[in-house]
Amino acid sequence: MDLVEDTADGVRGSLQRLPSERLPAGDVLIRVQWSSLNYKDALAATGHPGVVRQLPHVPGIDAAGIVESSSSSDYQAGDRVLVTGYELGQSHWGAWAEYVRVPSSWIVPQPPGLTAREAMILGTAGFTAAQCVMAIQRNEVGPELGEVVVTGATGGVGSLSVRLLAKLGYRVVAVTGKKDWHEQLRRWGAARVMDRSEVCDTSERPMLRGQWAGGVDTVGGVTLATLLRSTRYGGCIAACGLVGGAELQMSVYPFLLRGVTLAGVASADCPYPRRLEIWNRLAGEWRLSELDSQVTEVPLDDVDREVRRILNGEQVGRVIVRIGA
Ligand code: NDP
(Lines give C-alpha, C1' and ligand atoms only; values in the text may rest on other atoms or scores of the structure.)
Protein backbone atom coordinates (compact mmCIF):
# COMPACT_ATOMS: atom_id res chain seq x y z
CA MET A 1 0.00 0.00 0.00
CA ASP A 2 1.01 3.61 -0.48
CA LEU A 3 1.25 4.77 3.12
CA VAL A 4 1.36 8.54 3.61
CA GLU A 5 3.14 9.43 6.86
CA ASP A 6 4.50 12.40 8.72
CA THR A 7 8.28 11.99 8.44
CA ALA A 8 11.27 14.12 9.44
CA ASP A 9 11.27 15.37 5.79
CA GLY A 10 7.58 16.29 5.88
CA VAL A 11 4.53 14.31 4.75
CA ARG A 12 5.68 11.49 2.43
CA GLY A 13 4.13 8.44 0.82
CA SER A 14 6.02 5.16 0.46
CA LEU A 15 5.10 1.62 -0.56
CA GLN A 16 4.78 -0.59 2.51
CA ARG A 17 3.55 -4.10 3.26
CA LEU A 18 1.28 -4.19 6.32
CA PRO A 19 -0.86 -7.04 7.73
CA SER A 20 -4.51 -6.96 6.66
CA GLU A 21 -5.54 -6.48 10.31
CA ARG A 22 -4.36 -2.89 9.92
CA LEU A 23 -7.13 -2.22 7.39
CA PRO A 24 -10.10 -0.26 8.71
CA ALA A 25 -13.35 -1.96 9.71
CA GLY A 26 -15.84 -3.20 7.13
CA ASP A 27 -17.72 -6.34 6.21
CA VAL A 28 -16.21 -6.81 2.74
CA LEU A 29 -12.55 -7.26 1.80
CA ILE A 30 -11.82 -6.35 -1.84
CA ARG A 31 -8.71 -7.21 -3.83
CA VAL A 32 -8.06 -4.00 -5.76
CA GLN A 33 -7.28 -4.34 -9.47
CA TRP A 34 -7.40 -0.70 -10.52
CA SER A 35 -7.67 2.68 -8.85
CA SER A 36 -7.31 6.18 -10.28
CA LEU A 37 -5.92 9.63 -9.57
CA ASN A 38 -8.33 12.47 -8.83
CA TYR A 39 -7.48 15.95 -7.59
CA LYS A 40 -8.63 14.89 -4.12
CA ASP A 41 -6.21 11.93 -4.19
CA ALA A 42 -3.35 14.30 -4.93
CA LEU A 43 -4.34 16.38 -1.90
CA ALA A 44 -4.50 13.19 0.21
CA ALA A 45 -1.12 12.00 -1.08
CA THR A 46 0.42 15.23 0.14
CA GLY A 47 -1.37 15.11 3.51
CA HIS A 48 -3.72 18.05 2.88
CA PRO A 49 -5.64 18.50 6.16
CA GLY A 50 -8.87 19.30 4.28
CA VAL A 51 -8.88 15.72 2.97
CA VAL A 52 -6.80 13.65 5.38
CA ARG A 53 -7.89 13.81 8.98
CA GLN A 54 -5.30 11.45 10.40
CA LEU A 55 -1.86 10.16 9.42
CA PRO A 56 -0.73 7.55 8.48
CA HIS A 57 -3.14 7.41 5.58
CA VAL A 58 -3.69 5.49 2.35
CA PRO A 59 -5.07 7.62 -0.55
CA GLY A 60 -7.36 6.34 -3.31
CA ILE A 61 -11.02 7.40 -3.50
CA ASP A 62 -11.75 4.97 -6.37
CA ALA A 63 -11.49 1.17 -6.38
CA ALA A 64 -12.38 -1.54 -8.85
CA GLY A 65 -11.69 -5.11 -7.86
CA ILE A 66 -12.87 -8.53 -6.80
CA VAL A 67 -14.40 -9.48 -3.46
CA GLU A 68 -11.89 -11.58 -1.53
CA SER A 69 -14.12 -12.31 1.47
CA SER A 70 -17.41 -11.02 2.81
CA SER A 71 -19.55 -11.35 5.91
CA SER A 72 -22.37 -9.48 4.13
CA SER A 73 -25.10 -11.52 2.49
CA ASP A 74 -25.07 -9.00 -0.39
CA TYR A 75 -21.62 -9.97 -1.68
CA GLN A 76 -19.65 -13.16 -2.16
CA ALA A 77 -16.02 -13.93 -2.88
CA GLY A 78 -15.40 -13.48 -6.59
CA ASP A 79 -17.94 -10.68 -7.15
CA ARG A 80 -16.68 -7.84 -9.36
CA VAL A 81 -17.29 -4.54 -7.60
CA LEU A 82 -16.61 -0.80 -7.52
CA VAL A 83 -16.32 1.71 -4.71
CA THR A 84 -16.11 5.46 -5.27
CA GLY A 85 -16.42 8.22 -2.72
CA TYR A 86 -18.02 7.92 0.70
CA GLU A 87 -15.07 8.09 3.11
CA LEU A 88 -12.79 5.88 0.97
CA GLY A 89 -9.38 7.52 0.71
CA GLN A 90 -10.39 10.22 3.19
CA SER A 91 -11.06 9.17 6.79
CA HIS A 92 -10.98 5.51 5.66
CA TRP A 93 -7.81 4.01 4.12
CA GLY A 94 -8.20 4.05 0.37
CA ALA A 95 -7.56 2.07 -2.78
CA TRP A 96 -3.89 2.73 -3.45
CA ALA A 97 -3.36 -0.67 -1.91
CA GLU A 98 -3.69 -4.34 -2.79
CA TYR A 99 -6.76 -4.60 -0.57
CA VAL A 100 -9.49 -2.34 0.82
CA ARG A 101 -11.93 -3.28 3.52
CA VAL A 102 -15.20 -1.33 3.35
CA PRO A 103 -18.80 -1.40 4.56
CA SER A 104 -20.93 -3.33 2.05
CA SER A 105 -23.26 -0.30 1.79
CA TRP A 106 -20.50 1.53 -0.14
CA ILE A 107 -20.18 -1.12 -2.84
CA VAL A 108 -21.65 -0.99 -6.34
CA PRO A 109 -21.64 -4.16 -8.46
CA GLN A 110 -19.46 -3.58 -11.52
CA PRO A 111 -22.02 -2.75 -14.24
CA PRO A 112 -22.05 -5.08 -17.24
CA GLY A 113 -20.59 -3.20 -20.19
CA LEU A 114 -17.62 -1.73 -18.33
CA THR A 115 -14.40 -3.53 -17.42
CA ALA A 116 -12.73 -2.73 -14.11
CA ARG A 117 -10.14 -0.71 -15.99
CA GLU A 118 -12.78 1.25 -17.90
CA ALA A 119 -14.70 1.91 -14.68
CA MET A 120 -11.56 3.48 -13.24
CA ILE A 121 -10.94 5.54 -16.39
CA LEU A 122 -14.27 7.08 -15.44
CA GLY A 123 -13.84 6.82 -11.65
CA THR A 124 -14.99 9.68 -9.45
CA ALA A 125 -14.27 12.08 -12.32
CA GLY A 126 -16.75 10.41 -14.67
CA PHE A 127 -19.23 9.83 -11.87
CA THR A 128 -19.08 13.55 -11.01
CA ALA A 129 -19.31 14.64 -14.64
CA ALA A 130 -22.44 12.49 -14.99
CA GLN A 131 -23.96 14.10 -11.89
CA CYS A 132 -23.24 17.55 -13.31
CA VAL A 133 -24.93 16.61 -16.59
CA MET A 134 -27.93 15.23 -14.69
CA ALA A 135 -28.17 18.48 -12.70
CA ILE A 136 -28.29 20.46 -15.94
CA GLN A 137 -30.96 18.13 -17.31
CA ARG A 138 -33.02 18.28 -14.09
CA ASN A 139 -33.09 22.04 -14.50
CA GLU A 140 -34.57 21.60 -17.95
CA VAL A 141 -31.58 22.88 -19.89
CA GLY A 142 -31.75 20.85 -23.07
CA PRO A 143 -29.42 21.00 -26.10
CA GLU A 144 -31.94 23.19 -27.97
CA LEU A 145 -31.47 26.06 -25.50
CA GLY A 146 -27.96 27.00 -26.65
CA GLU A 147 -24.33 26.58 -25.72
CA VAL A 148 -23.16 24.97 -22.50
CA VAL A 149 -19.76 25.79 -21.06
CA VAL A 150 -17.25 23.50 -19.31
CA THR A 151 -14.27 24.88 -17.37
CA GLY A 152 -11.06 23.00 -16.53
CA ALA A 153 -11.92 21.22 -19.74
CA THR A 154 -8.76 19.16 -20.17
CA GLY A 155 -8.89 17.82 -16.59
CA GLY A 156 -10.58 14.64 -15.40
CA VAL A 157 -14.07 15.94 -14.57
CA GLY A 158 -13.86 18.62 -17.28
CA SER A 159 -12.87 16.36 -20.18
CA LEU A 160 -15.49 13.75 -19.29
CA SER A 161 -18.13 16.49 -18.97
CA VAL A 162 -17.24 17.79 -22.43
CA ARG A 163 -17.52 14.29 -23.86
CA LEU A 164 -20.78 13.38 -22.13
CA LEU A 165 -22.48 16.66 -23.02
CA ALA A 166 -21.33 16.40 -26.64
CA LYS A 167 -22.60 12.82 -26.80
CA LEU A 168 -25.99 14.01 -25.57
CA GLY A 169 -26.19 16.57 -28.37
CA TYR A 170 -25.19 19.76 -26.53
CA ARG A 171 -23.09 22.41 -28.23
CA VAL A 172 -20.16 22.52 -25.82
CA VAL A 173 -17.80 25.43 -25.24
CA ALA A 174 -14.63 24.08 -23.61
CA VAL A 175 -12.62 26.49 -21.45
CA THR A 176 -8.96 25.66 -20.92
CA GLY A 177 -5.68 27.22 -19.89
CA LYS A 178 -3.73 24.80 -22.11
CA LYS A 179 -3.10 26.36 -25.53
CA ASP A 180 -1.80 23.14 -27.07
CA TRP A 181 -4.89 21.08 -26.32
CA HIS A 182 -7.60 22.91 -28.26
CA GLU A 183 -7.57 20.33 -31.05
CA GLN A 184 -7.97 17.45 -28.59
CA LEU A 185 -10.93 19.21 -27.00
CA ARG A 186 -12.54 19.49 -30.44
CA ARG A 187 -11.91 15.78 -30.99
CA TRP A 188 -13.70 15.13 -27.70
CA GLY A 189 -16.70 16.97 -29.09
CA ALA A 190 -16.25 20.64 -28.13
CA ALA A 191 -17.83 22.95 -30.70
CA ARG A 192 -15.71 25.88 -29.53
CA VAL A 193 -12.68 26.35 -27.28
CA MET A 194 -12.00 29.46 -25.20
CA ASP A 195 -8.99 30.51 -23.19
CA ARG A 196 -9.43 30.49 -19.43
CA SER A 197 -8.70 34.25 -19.29
CA GLU A 198 -11.92 34.92 -21.22
CA VAL A 199 -14.08 33.62 -18.36
CA CYS A 200 -12.29 35.44 -15.58
CA ASP A 201 -14.12 38.75 -15.15
CA THR A 202 -12.83 40.66 -12.15
CA SER A 203 -15.04 43.71 -12.72
CA GLU A 204 -17.76 44.38 -10.19
CA ARG A 205 -20.53 44.29 -12.79
CA PRO A 206 -23.39 42.29 -11.24
CA MET A 207 -24.30 40.72 -14.59
CA LEU A 208 -22.53 40.15 -17.87
CA ARG A 209 -23.80 39.46 -21.39
CA GLY A 210 -25.83 36.25 -21.26
CA GLN A 211 -23.89 33.59 -23.17
CA TRP A 212 -24.64 30.10 -21.83
CA ALA A 213 -27.74 28.02 -21.34
CA GLY A 214 -25.81 26.01 -18.77
CA GLY A 215 -22.45 24.67 -17.77
CA VAL A 216 -20.16 22.60 -15.62
CA ASP A 217 -17.62 24.42 -13.47
CA THR A 218 -14.65 22.58 -11.96
CA VAL A 219 -12.71 25.75 -11.10
CA GLY A 220 -14.73 27.84 -8.61
CA GLY A 221 -13.72 31.36 -7.50
CA VAL A 222 -13.79 34.15 -10.09
CA THR A 223 -14.44 31.63 -12.87
CA LEU A 224 -17.66 30.38 -11.27
CA ALA A 225 -18.78 33.93 -10.52
CA THR A 226 -18.11 34.86 -14.16
CA LEU A 227 -20.10 31.89 -15.46
CA LEU A 228 -23.08 32.62 -13.22
CA ARG A 229 -23.10 36.28 -14.24
CA SER A 230 -22.97 35.34 -17.95
CA THR A 231 -25.63 32.60 -17.88
CA ARG A 232 -28.79 33.29 -19.82
CA TYR A 233 -32.33 33.43 -18.42
CA GLY A 234 -33.35 30.12 -16.76
CA GLY A 235 -29.89 28.58 -17.14
CA CYS A 236 -28.08 26.27 -14.76
CA ILE A 237 -24.43 25.96 -13.79
CA ALA A 238 -23.40 22.75 -12.02
CA ALA A 239 -20.50 23.56 -9.68
CA CYS A 240 -18.23 20.81 -8.41
CA GLY A 241 -14.66 22.09 -8.13
CA LEU A 242 -12.32 24.59 -6.57
CA VAL A 243 -8.97 24.31 -8.37
CA GLY A 244 -9.12 28.08 -8.98
CA GLY A 245 -10.53 29.13 -5.61
CA ALA A 246 -13.05 28.32 -2.91
CA GLU A 247 -14.55 31.81 -2.56
CA LEU A 248 -17.62 32.97 -4.45
CA GLN A 249 -17.95 36.75 -4.60
CA MET A 250 -20.90 38.08 -6.55
CA SER A 251 -24.33 39.61 -6.08
CA VAL A 252 -27.61 37.69 -6.12
CA TYR A 253 -28.81 39.51 -9.28
CA PRO A 254 -28.27 36.59 -11.73
CA PHE A 255 -30.53 34.47 -9.51
CA LEU A 256 -33.17 37.17 -9.06
CA LEU A 257 -33.23 38.74 -12.51
CA ARG A 258 -32.36 35.79 -14.76
CA GLY A 259 -33.59 32.88 -12.65
CA VAL A 260 -30.15 31.27 -12.91
CA THR A 261 -29.67 28.06 -10.89
CA LEU A 262 -26.42 27.21 -9.16
CA ALA A 263 -26.53 23.42 -8.74
CA GLY A 264 -24.02 22.03 -6.26
CA VAL A 265 -22.63 18.57 -6.96
CA ALA A 266 -21.24 16.48 -4.10
CA SER A 267 -20.37 13.08 -5.47
CA ALA A 268 -18.90 11.37 -2.39
CA ASP A 269 -22.24 11.16 -0.60
CA CYS A 270 -24.45 10.63 -3.63
CA PRO A 271 -27.43 8.54 -2.44
CA TYR A 272 -27.14 4.85 -3.28
CA PRO A 273 -30.09 4.49 -5.73
CA ARG A 274 -28.83 7.42 -7.80
CA ARG A 275 -25.30 6.01 -7.58
CA LEU A 276 -26.50 2.77 -9.20
CA GLU A 277 -28.43 4.69 -11.82
CA ILE A 278 -25.37 6.77 -12.74
CA TRP A 279 -23.06 3.76 -13.09
CA ASN A 280 -25.63 1.95 -15.20
CA ARG A 281 -25.98 5.00 -17.45
CA LEU A 282 -22.22 5.36 -17.79
CA ALA A 283 -22.02 1.71 -18.81
CA GLY A 284 -25.09 1.88 -21.05
CA GLU A 285 -26.78 4.75 -22.86
CA TRP A 286 -24.08 7.28 -21.84
CA ARG A 287 -21.16 4.97 -22.54
CA LEU A 288 -18.37 6.95 -24.20
CA SER A 289 -16.59 5.61 -27.24
CA GLU A 290 -12.78 5.56 -27.12
CA LEU A 291 -12.65 5.63 -23.34
CA ASP A 292 -8.90 5.14 -23.65
CA SER A 293 -8.35 8.56 -25.20
CA GLN A 294 -5.75 10.45 -23.08
CA VAL A 295 -5.41 7.88 -20.33
CA THR A 296 -2.12 7.63 -18.45
CA GLU A 297 -1.65 4.25 -16.80
CA VAL A 298 0.82 4.03 -13.91
CA PRO A 299 1.81 1.37 -11.39
CA LEU A 300 1.40 2.30 -7.74
CA ASP A 301 5.13 2.97 -7.30
CA ASP A 302 5.08 5.61 -10.04
CA VAL A 303 2.12 7.71 -8.99
CA ASP A 304 4.11 10.58 -7.41
CA ARG A 305 5.00 12.24 -10.71
CA GLU A 306 1.32 12.29 -11.70
CA VAL A 307 0.37 13.69 -8.28
CA ARG A 308 2.70 16.65 -8.88
CA ARG A 309 1.27 17.17 -12.37
CA ILE A 310 -2.34 17.27 -11.18
CA LEU A 311 -1.48 19.66 -8.32
CA ASN A 312 0.22 21.95 -10.85
CA GLY A 313 -2.94 21.93 -13.02
CA GLU A 314 -1.00 20.18 -15.81
CA GLN A 315 -2.94 16.93 -16.02
CA VAL A 316 -4.83 16.08 -19.20
CA GLY A 317 -7.54 13.42 -19.23
CA ARG A 318 -7.37 10.63 -16.70
CA VAL A 319 -4.68 8.78 -14.76
CA ILE A 320 -5.41 5.20 -13.72
CA VAL A 321 -3.39 3.25 -11.19
CA ARG A 322 -2.65 -0.40 -11.94
CA ILE A 323 -2.57 -2.45 -8.76
CA GLY A 324 -3.58 -6.12 -8.88
CA ALA A 325 -4.73 -6.28 -12.50
P1 NDP B 1 -7.88 17.84 -12.72
O2 NDP B 1 -6.61 18.38 -12.20
O3 NDP B 1 -7.87 16.61 -13.57
O4 NDP B 1 -8.63 18.98 -13.56
C5 NDP B 1 -8.62 20.30 -13.17
C6 NDP B 1 -8.42 21.19 -14.39
O7 NDP B 1 -8.74 22.53 -14.01
C8 NDP B 1 -6.99 21.26 -14.89
O9 NDP B 1 -6.66 20.22 -15.78
C10 NDP B 1 -7.00 22.61 -15.60
O11 NDP B 1 -7.67 22.43 -16.85
C12 NDP B 1 -7.90 23.44 -14.73
N13 NDP B 1 -7.16 24.24 -13.74
C14 NDP B 1 -6.19 23.82 -12.92
N15 NDP B 1 -5.75 24.81 -12.12
C16 NDP B 1 -6.49 25.89 -12.45
C17 NDP B 1 -6.53 27.23 -12.00
N18 NDP B 1 -5.71 27.66 -11.03
N19 NDP B 1 -7.42 28.07 -12.55
C20 NDP B 1 -8.26 27.65 -13.51
N21 NDP B 1 -8.26 26.39 -14.00
C22 NDP B 1 -7.38 25.53 -13.47
O23 NDP B 1 -8.84 17.62 -11.46
P24 NDP B 1 -10.23 16.80 -11.32
O25 NDP B 1 -10.92 16.80 -12.63
O26 NDP B 1 -9.98 15.53 -10.60
O27 NDP B 1 -11.02 17.74 -10.30
C28 NDP B 1 -11.43 19.04 -10.69
C29 NDP B 1 -12.08 19.73 -9.51
O30 NDP B 1 -13.30 19.08 -9.20
C31 NDP B 1 -11.26 19.70 -8.21
O32 NDP B 1 -11.45 20.91 -7.52
C33 NDP B 1 -11.86 18.54 -7.44
O34 NDP B 1 -11.67 18.69 -6.05
C35 NDP B 1 -13.31 18.70 -7.83
N36 NDP B 1 -14.10 17.51 -7.68
C37 NDP B 1 -15.25 17.60 -6.96
C38 NDP B 1 -16.08 16.54 -6.81
C39 NDP B 1 -17.35 16.73 -6.08
O40 NDP B 1 -18.01 15.75 -5.76
N41 NDP B 1 -17.76 17.95 -5.82
C42 NDP B 1 -15.70 15.21 -7.33
C43 NDP B 1 -14.52 15.23 -8.17
C44 NDP B 1 -13.74 16.34 -8.32
P45 NDP B 1 -7.40 23.42 -18.11
O46 NDP B 1 -5.91 23.54 -18.21
O47 NDP B 1 -8.03 22.70 -19.25
O48 NDP B 1 -8.03 24.74 -17.80
Side-chain angles (χ1 to χ4, degrees), residues 35-46 48 50-51 59-62 84-90 120-135 149-164 172-186 188 190 193-200 202 216-227 237-248 262-271 274-275 278 294-296 306-321:
S35 182
S36 82
L37 170 65
N38 300 279
Y39 191 75
K40 202 187 252 181
D41 295 315
L43 296 178
T46 48
H48 192 287
V51 178
I61 64 173
D62 291 339
T84 61
Y86 293 108
E87 283 298 318
L88 188 70
Q90 292 204 92
M120 290 295 97
I121 292 175
L122 294 166
T124 287
F127 185 72
T128 306
Q131 276 183 277
C132 291
V133 173
M134 284 165 90
V149 62
V150 176
T151 59
T154 66
V157 179
S159 62
L160 290 162
S161 299
V162 168
R163 295 169 71 184
L164 281 176
V172 183
V173 180
V175 175
T176 183
K178 298 189 184 81
K179 297 200 179 347
D180 298 340
W181 289 87
H182 291 204
E183 201 40 53
Q184 177 64 57
L185 285 163
R186 287 195 189 90
W188 276 331
V193 183
M194 286 173 75
D195 189 83
R196 185 188 284 176
S197 59
E198 295 178 68
V199 286
C200 185
T202 51
V216 173
D217 178 54
T218 67
V219 174
V222 179
T223 302
L224 177 57
T226 305
L227 293 194
I237 301 293
C240 68
L242 44 53
V243 288
E247 302 296 319
L248 183 58
L262 169 56
V265 168
S267 68
D269 292 312
C270 174
R274 182 172 294 174
R275 194 173 277 271
I278 291 171
Q294 282 307 319
V295 173
T296 307
E306 303 304 326
V307 165
R308 283 194 298 278
R309 282 171 59 85
I310 205 167
L311 288 176
N312 289 337
E314 293 164 1
Q315 202 57 258
V316 175
R318 288 282 290 152
V319 177
I320 54 171
V321 184

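Only a predicted model underlies this, so the values are computations on that prediction, with no experimental measurement involved. Whatever order the structure lists them in is the order used to number ligands and atoms, beginning at 1.
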**Student:** Which heavy atom in A125 sits nearest to a heavy atom in G156, and how many Å separate them?
**Tutor:** CB-C, 3.7 Å
**Student:** To the nearest 0.5 Å, what is the distance between OG1 (T84) and CD1 (I61)?
**Tutor:** 8.0 Å
**Student:** Does atom CD of E314 have more than 12 heavy-atom neighbours from other groups under 6.0 Å away?
**Tutor:** yes
**Student:** Return the closest protein heavy atom for atom 27 (O) of ligand 1 as residue, atom name and distance.
**Tutor:** Y39 CB, 3.7 Å
**Student:** Which atoms from ligand 1 have a heavy atom of G156 less than 4.0 Å away?
**Tutor:** 1 (P), 3 (O), 4 (O), 25 (O)
**Student:** Enumerate the atoms of ligand 1 whose separation from the nearest heavy atom of T128 is less than 4.0 angstrom.
**Tutor:** 38 (C), 42 (C), 43 (C)
**Student:** Which residue from V243, V162, D217 reaches closest to atom 5 (C) of ligand 1 through any of its heavy atoms?
**Tutor:** V243
**Student:** Can you find a non-hydrogen atom of K178 under 4.0 Å from ligand 1?
**Tutor:** yes
**Student:** What do you reckon, does G317 have a nitrogen or oxygen under 3.5 Å from a nitrogen or oxygen of ligand 1?
**Tutor:** no
**Student:** Determine the minimum heavy-atom distance between G89 and V51, stating which atoms define it.
**Tutor:** O-CG1, 4.3 Å
**Student:** Considering only heavy atoms from C-beta outward, does the side chain of L185 approach that of T176 to under 4.5 Å?
**Tutor:** yes
**Student:** I need the nearest protein heavy-atom contact for atom 2 (O) of ligand 1: residue, atom name and distance, please.
**Tutor:** I310 CG1, 3.1 Å
**Student:** Please list, in number order, the atoms of ligand 1 under 4.0 Å from a heavy atom of G241.
**Tutor:** 29 (C), 30 (O), 32 (O), 35 (C)
**Student:** Report the part of V157 (side chain from C-beta onward, or backbone N, CA, C, O) that has a heavy atom under 4.0 Å from ligand 1; answer both or neither where that applies.
**Tutor:** both
**Student:** Looking only at distances, please establish whether an N/O atom of ligand 1 is found under 3.5 Å from an N/O atom of T124.
**Tutor:** no
**Student:** Quick one: which ligand 1 atoms are inside 4.0 Å of a heavy atom on A266?
**Tutor:** 40 (O)
**Student:** Students should be able to answer this: which protein heavy-atom is nearest to atom 29 (C) of ligand 1, and at what distance?
**Tutor:** T218 O, 3.5 Å
**Student:** Could you go step by step and tell me if T223 and R196 meet the side-chain hydrogen bond (donor to acceptor under 3.5 Å, both in side chains) rule?
**Tutor:** CA-CA 8 Å; T223 302; R196 185 188 284 176; over 6 Å; no
**Student:** Check G60 against S35 and note the closest heavy-atom contact, atom names and distance.
**Tutor:** CA-OG, 4.2 Å
**Student:** Please find the pair of heavy atoms, one from S161 and one from V216, that lie closest to each other, and give the distance.
**Tutor:** OG-CG1, 3.6 Å
**Student:** Under 3.5 Å, is there a donor-acceptor pair between the side chain of N38 and the main chain of D41?
**Tutor:** no
**Student:** For atom 22 (C) of ligand 1, which of the options Q184, Q131, R196, H182 provides the nearest non-hydrogen atom?
**Tutor:** R196
**Student:** Within a distance under 4.0 Å of any heavy atom of V265, pick out the atoms of ligand 1 and give their elements.
**Tutor:** 39 (C), 40 (O), 41 (N)
**Student:** Compare A246, A174, C240 and give the one whose heavy atom is closest to atom 35 (C) of ligand 1.
**Tutor:** C240
**Student:** Examine distances only and state if a side-chain atom of K178 and a backbone atom of A153 form a donor-acceptor pair shorter than 3.5 Å.
**Tutor:** no
**Student:** Keeping E198 on the side-chain end and D195 on the backbone end, is there a donor-acceptor pair under 3.5 Å?
**Tutor:** yes
**Student:** Which heavy-atom pair separates L37 from A42 by the least distance, and what is that distance?
**Tutor:** CD1-N, 4.0 Å
**Student:** Looking only at protein heavy atoms, which one is nearest to atom 4 (O) of ligand 1, and what is the separation?
**Tutor:** G155 CA, 3.3 Å
**Student:** Looking at side-chain heavy atoms only, is the closest gap between V175 and L227 below 4.5 Å?
**Tutor:** no
**Student:** Taking 4.0 Å as the limit for heavy-atom contacts, which would you say applies to S267 with ligand 1: side chain only, backbone only, both, or neither?
**Tutor:** both
**Student:** Does A125 reach ligand 1, in the sense of a heavy atom lying below 4.0 Å from it?
**Tutor:** no
**Student:** Would you mind listing which atoms of ligand 1 come within a distance below 4.0 Å of any non-hydrogen atom of Q315?
**Tutor:** 9 (O)
**Student:** Heavy atoms only: which of A239, G85, G158, G177 lies closest to atom 48 (O) of ligand 1?
**Tutor:** G177
**Student:** Which of the numbered atoms in ligand 1 are under 4.0 angstrom from any heavy atom belonging to T176?
**Tutor:** 45 (P), 46 (O), 47 (O), 48 (O)
**Student:** Check ligand 1 against L242 and write out every atom of the ligand that is under 4.0 Å from a heavy-atom position of the residue.
**Tutor:** 32 (O)
